[in-house]
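The basis for the numbers below is simple: all heavy atoms, side chains too, and nothing from hydrogens, waters or symmetry mates. No experiment lies behind these values; they were computed from the predicted model shown. Residue numbers start from 1 in every chain, and the chains themselves are labelled A, B, ... in the order their sequence lines are given, proteins ahead of strands.
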Amino acid sequence: MDKNLTIHWFRQDLRIADNPSLYFAARQGSVITLYIVDKQQPAMGRASEVWLHYSLKKLNRALKHKLMVCQGEPLQILTDLIKQYPVTHIHWNRCYQPWQIKRDQKIKLQLAKQGVQVKSFNASLLWEPWGVLKKDQRPYRVFTAFYKHAFSKAEIPRKSLACPPDLENYQLPLTTKIDDLNLLPKSNWYRQLISHWQPGERAAQSLLDDFLNSKLYNYKTGRDFPAFDFVSRLSPYLHFGEISPHQIWWETTSLNSSDNSQHFLSELAWREFSYYLLYHYPDIINQNLQPKFDHFPWRQNRSQLLRWQQGQTGIPIIDAGMRELWQTGYMHNRVRMISASFLVKNLRIHWQQGAAWFWDCLFDADLANNTLSWQWVAGCGADAAPYFRIFNPVLQGQKFDPEGDYIYRYVGELSKLPVKYIFAPWEAPAEVLQNAGVVLGESYPKPMVDLKQSRQEALSAYKNLTFEEDKPQ
DNA sequence: TGAAATGTTGGGGCG
DNA sequence: ACGCCCCAACATTTC
């Protein structure tokens with residue numbers, strides 16, 4: 001009997017449900033499920049490695065302990081497997097980081113020469129980046145235009161696929177253990193970090209259910225308040241493919257079409273837009289999408305960067321955010337914008353240094369989203385915030401954390417300071433500070449920069465930028 | 001997915 | 001009764 005044997009190569013699709021590559025592999029015969037730690041790949045962030053470890057464990061369990069893991073060079077590993085086993089097909093779901101695209105093209109070509117059928121599928125984007133273009137065949141650079149086109153003119157996202165029935169998972173001898181991949185760091189800091197999370201497909205499903213049942217109804221306004229849990233927190237799961245955007249899309253649209261669900265879908269579309277831009281402009285990892293920013297006078301300042309990273313800026317809402325990141329591998333989106341704006345505008349430190357820190361600390365660290373979001377805040381991205389849009393962290397706190405709940409949660413030094421002064425402790429009368437047991441500069445830092453002055457400096461730096469561009473050459 | 005500066009309006013206190 | 005001032009509240013402009 002000539003039965004098919006397919007290798008399904010897991011990458012950023014660590015799920016069984018709605019996994020096209022796995023689904024079609026299972027339908028045509030037995031399957032080898034494989035995960036490779038690619039030693040050639042750019043370094044993952046440290047938090048991401050921790051997540052990956054636990055996610056692989058969960059996946060392996062769901063596959064009845066038949067997930068093969070190894071590390072090395074994918075082409076070599078796949079070639080060896082073809083030689084040893086009667087492999088007829090190799091499947092994977094597409095990845096979209098520039099290095100992945102390059103790698104996969106090469107591998108596909110080489111494997112085809114060896115007589116196996118190689119197929120790739122779409123598992124992580126609602127719209128393929130090459131499928132959405134302006135009339136002049138160039139990519140969109142404005143979100144709303146992109147979204148309108150994708151939403152109304154592009155192909156409707158496919159519906160979720162079922163779990164593959166009766167996976168005949170081919171057992172391979174001699175597999176590396178997940179523990180051998182050394183994804184966990186030597187020290188124990190990660191235990192506290194991961195304790196806030198439950199990686200894996202099943203947890204993603206229940207987060208989605210929970211979100212659609214009880215949080216979505218207040219999403220549009222609730223999503224701006226970092227103290228409250230009105231966001232989905234699905235971002236890490238989306239990054240690792242523990243849930244598909246297709247499933248989220250269809251479950252949300254079939255629920256209702258309120259403002260809230262529309263808004264949630266548009267956030268999902270921002271993710272698409274980031275992937276889209278990264279596909280069309282792969283240089284934006286290291287380069288400003290708008291070249292006029294190439295000569296922007298960024299400041300190089302290690303000690304200021306460090307204070308920002310450690311949540312010791314002396315501005316409570318920012319410190320709260322940076323500490324949330326450090327302690328939980330996550331930061332609420334509203335606070336990401338505030339703290340990023342502070343780094344890039346008030347401190348005028350290069351967005352790439354902020355992006356690098358987030359990359360290392362976030363469980364949802366994602367090249368497309370992280371890069372594009374930082375460029376957006378810095379003003380050098382597509383459809384970016386105008387240069388003069390500078391967040392005032394005091395006002396933002398008053399507006400979006402009016403009771404100070406979020407700040408109190410992460411900035412314990414100020415726990416006795418009344419709400420009235422929690423957003424700007426330096427403005428509190430000496431007596432109030434004393435009663436709260438706060439000594440500015442000792443128990444809690446003084447603000448590291450003057451907000452008003454640094455705002456002015458940023459404005460004039462950014463303004464020069466536009467003048468330079470307007471000058472005739 | 002901002003904030004500050006500036007302009008306008010309208011109600012109430014008060015001579 | 002009336003005009004004047006003050007100022008909060010809102011609107012518009014500017015960076």
Side-chain angles (χ1 to χ4, degrees), chain A residues 140-148 215-216 218-228 230-233 235 259-274 277 289-290 292-293 296-297 315 317-318 321 330-348 351 354-355 358 364 368-402 406 423-424 427 447 449-470:
Chain A
Y140 287 97
R141 290 170 68 108
V142 174
F143 171 73
T144 43
F146 163 81
Y147 187 36
K148 266 187 200 155
K215 297 177 186 172
L216 181 63
N218 196 21
Y219 180 73
K220 199 179 176 203
T221 48
R223 64 186 288 276
D224 270 327
F225 292 80
F228 305 126
F230 281 114
V231 293
S232 75
R233 297 173 74 95
S235 50
D259 274 8
N260 287 313
S261 47
Q262 285 303 311
H263 204 93
F264 180 58
L265 291 178
S266 81
E267 293 302 321
L268 205 58
W270 268 102
R271 172 180 177 274
E272 298 280 324
F273 190 49
S274 296
L277 289 171
L289 186 61
Q290 297 181 43
K292 70 175 173 185
F293 278 78
F296 188 80
I315 296 152
I317 188 85
I318 291 168
Y330 179 85
M331 196 195 302
H332 187 281
N333 181 253
R334 169 58 52 182
V335 193
R336 290 190 200 198
M337 291 192 290
I338 303 170
S339 61
S341 168
F342 180 76
L343 183 79
V344 164
K345 304 211 162 153
N346 296 87
L347 299 182
R348 268 197 284 139
W351 64 265
F358 275 27
D364 65 33
N369 290 325
N370 196 40
T371 306
L372 268 302
S373 302
W374 273 97
Q375 291 224 31
W376 182 86
V377 174
C380 55
D383 204 9
Y387 73 92
F388 46 78
R389 197 174 284 163
I390 298 172
F391 287 75
N392 179 331
V394 176
L395 292 179
Q396 286 283 311
Q398 288 167 342
K399 221 185 268 183
F400 297 114
D401 188 29
Y406 180 77
F423 309 102
E427 284 174 359
V449 286
D450 181 85
L451 290 175
K452 198 169 175 181
Q453 192 193 331
S454 55
R455 175 178 180 276
Q456 281 307 323
E457 289 169 9
L459 278 175
S460 54
Y462 273 88
K463 209 173 161 191
N464 285 337
L465 195 68
T466 53
F467 284 157
E468 271 170 35
E469 203 213 17
D470 295 342

For [X], all residues meeting salt bridge (Lys or Arg N to Asp or Glu O under 4.0 Å), sequence neighbours excluded:
X: A:Arg223; result: A:Glu267
X: A:Asp383; result: none
X: A:Arg141; result: none

Residues two or more places apart in sequence or in another chain: which of them pass ring pair (Phe, Tyr, Trp, His ring centres under 6.0 Å) with A:Phe423?
-> none

Go through the structure and list residues passing ring pair (Phe, Tyr, Trp, His ring centres under 6.0 Å) with A:Phe400, not counting sequence neighbours.
-> A:Phe225

Could you list where the contact with chain A starts and ends along DNA chain B, reading 5' to 3', using a 4.0 Å heavy-atom cut-off?
-> B:dT1 to B:dA4

Base, sugar-phosphate, or nothing: which does A:Lys399 touch, judged by heavy atoms less than 4.0 Å apart?
-> sugar-phosphate

